[in-house]
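The first residue in the sequence is number 1, and the count goes up from there. Both counts, for ligands and for their atoms, begin at 1 and track the order of listing.
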Amino acid sequence: MSKKIAILTSGGDAPGMNSAIRSVTLSALRCGFECIGFYHGYNGLIEQEFCSLSAHSVTDITQQGGTILKSARCPAMHTEEGVQQAANSLRKLHVDALIVIGGDGSFRGLEALWQHWQHWQGTLIGLPGTIDNDLAGCDNTIGFSTAVNTATSAIDKIRDTANAFERVFITEVMGRHNGHIAFHVGISCGAEAILSFENCDPNNHQAIEAQLIAAITKQQQKHGSFMIVLAENLWPGGSQALKAQLNNQTEINAAMCVLGHIQRGGAPSAEDRILATELGIAAVEAIVAGTVTTPTMIGKVQGQLLQSDIAEILQQQKPVSPQWVKRYQSYLAEL
Ligand code: ADP
């Protein structure tokens, strides 16, 4: 039986979203399904602003960052009326399955939608798309690998100038409230210090500052630069405040850089493109199988595709592995 599949991208955009749109579209068309894309996240669903997705419309998009469907926040989804409107759109347009590519907020939107749509037996699927990698049920989210690569190459460049001046540099990376990006980037860049939620107690700033100053002093005797990778939202006042505190207390002339949205853009890495393609195919396979009865996320864990109940995913944390943090700390002690 032919089906109508709709896709939208929501919340923080992530490189690789286009690969997922492409793979859902091509897989759906191969099954003889119709495929449409809503623009601007849930806004397009509510406003019924959409396009028909054909093989032609997804040609040459897999290598592009961002999302051809655009992304947005949609405050209306936080209201009963807005969710009702979104569900009405799905019914009116005879959508059989909706695939949302986004992060935990977008998945909460799917849960809300489910309350209004379930009686029509529609299928709701989430694909994990966020650079922050903060969703359980998958090893990596779509966009994480690219963000780590982008930040790594940016910090490599910062390192050159830091080396030239033998100076301390604080580089702030994204990640919302976890250190997946900070730890991966810090390790890949050979940072002298990583300050993140997993290894820093936010109530213990003075002790952290003292440790940093001791480590910097030791390193400066070797005439080297000292790279600190700082997770966003960790330090009160951010990297600007940390720089001021270090500079006020010592002769250290630290500089800082907030990498910011550069981490969300750029051509997706091969890893993200492949992951997004696999997840898109798996989403359509799940629709064909007809086994998805509640909002479900499809992710990849240890090389295996995994379907998880979104309600459960939203209850879980995905911290950076404590063993990894510990191992890194002992490696740092050798510097
Ligand atoms: P992300 O998906 O990247 O985590 P957000 O947290 O901004 O991004 O969420 C994206 C959108 O998902 C929001 O603008 C809103 O439309 C929808 N959303 C988020 N939380 C909820 C919620 N609790 N109920 C309904 N919709 C939500």
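- Regarding atom 3 (O) of ligand 1, its nearest protein heavy-atom neighbour is Gly12 N, 3.1 Å.
- When only interatomic distances are considered, the shortest N/O to N/O separation between Ala112 and ligand 1 does not fall below 3.5 Å.
- For Cys74, a nitrogen or oxygen atom sits less than 3.5 Å from a nitrogen or oxygen atom of ligand 1, counting backbone and side chain alike.
- The salt bridge (Lys or Arg N to Asp or Glu O under 4.0 Å) search around Glu278 returns Lys300, not counting sequence neighbours.
- Near Arg108, meaning under 4.0 Å from one of its heavy atoms, ligand 1 places the atoms 20 (N), 21 (C), 22 (C), 23 (N), 24 (N), 25 (C).
- Note on Lys318 versus Asp104: no salt bridge recorded, every NZ/NE/NH1/NH2 to OD/OE distance being 4.0 Å or above.
- Considering backbone and side-chain atoms together, Tyr42 places no N or O closer than 3.5 Å to any N or O of ligand 1.
- When the options Leu45, Asn43, Leu8 are evaluated for a side-chain contact (heavy atoms from CB on, under 4.5 Å) with Cys74, the one that passes is Asn43.
- Of the polar atoms of Ala72, none of the N or O atoms is found under 3.5 Å from an N or O of ligand 1, judged by distance alone.
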For this session: Decide side-chain contact (heavy atoms from CB on, under 4.5 Å) for Leu246 and Ile213; before the verdict, give the C-alpha distance in whole Å, the side-chain angles of both, and the deciding distance to 0.1 Å.
Result: CA-CA 7 Å; Leu246 290 178; Ile213 289 167; 3.9 Å; yes
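- More than 12 heavy atoms of other residues, nucleotides or ligands lie within 6.0 Å of CD in Gln64, so this atom counts as buried by the packing criterion.
- Protein heavy atom at the shortest distance from atom 2 (O) of ligand 1 is Ser106 OG, 2.5 Å.
- At a 3.5 angstrom cut-off on N or O pairs, Gly105 counts as close to ligand 1.
- Nearest-heavy-atom check against atom 21 (C) of ligand 1 across Gln115, Met77, His78, Glu111 picks out His78.
- Tyr42 places no side-chain N or O within 3.5 Å of a backbone atom of Pro75 that could act as its donor or acceptor partner.
- In this model, a donor atom of one side chain and an acceptor atom of the other lie less than 3.5 Å apart for Ser321 and Gln323.
- Ranking the protein heavy atoms by distance from atom 11 (C) of ligand 1 puts Ser10 OG, 3.6 Å first.
- Aromatic pair Trp324/His180: centroids not less than 6.0 angstrom apart.
- At least one heavy atom of Arg176 sits closer than 4.0 Å to an atom of ligand 1.
- By the salt bridge (Lys or Arg N to Asp or Glu O under 4.0 Å) test, Arg167 pairs with no residue at all, sequence neighbours left out.
- Those atoms of ligand 1 that come under 4.0 Å of a heavy atom in Gly109, given as number and element, are 25 (C), 26 (N), 27 (C).
- The shortest contact between atom 7 (O) of ligand 1 and any protein heavy atom is with Arg73 NH1, 2.6 Å.
- Look at Thr130 and you'll find every heavy atom at least 4.0 Å from all atoms of ligand 1.
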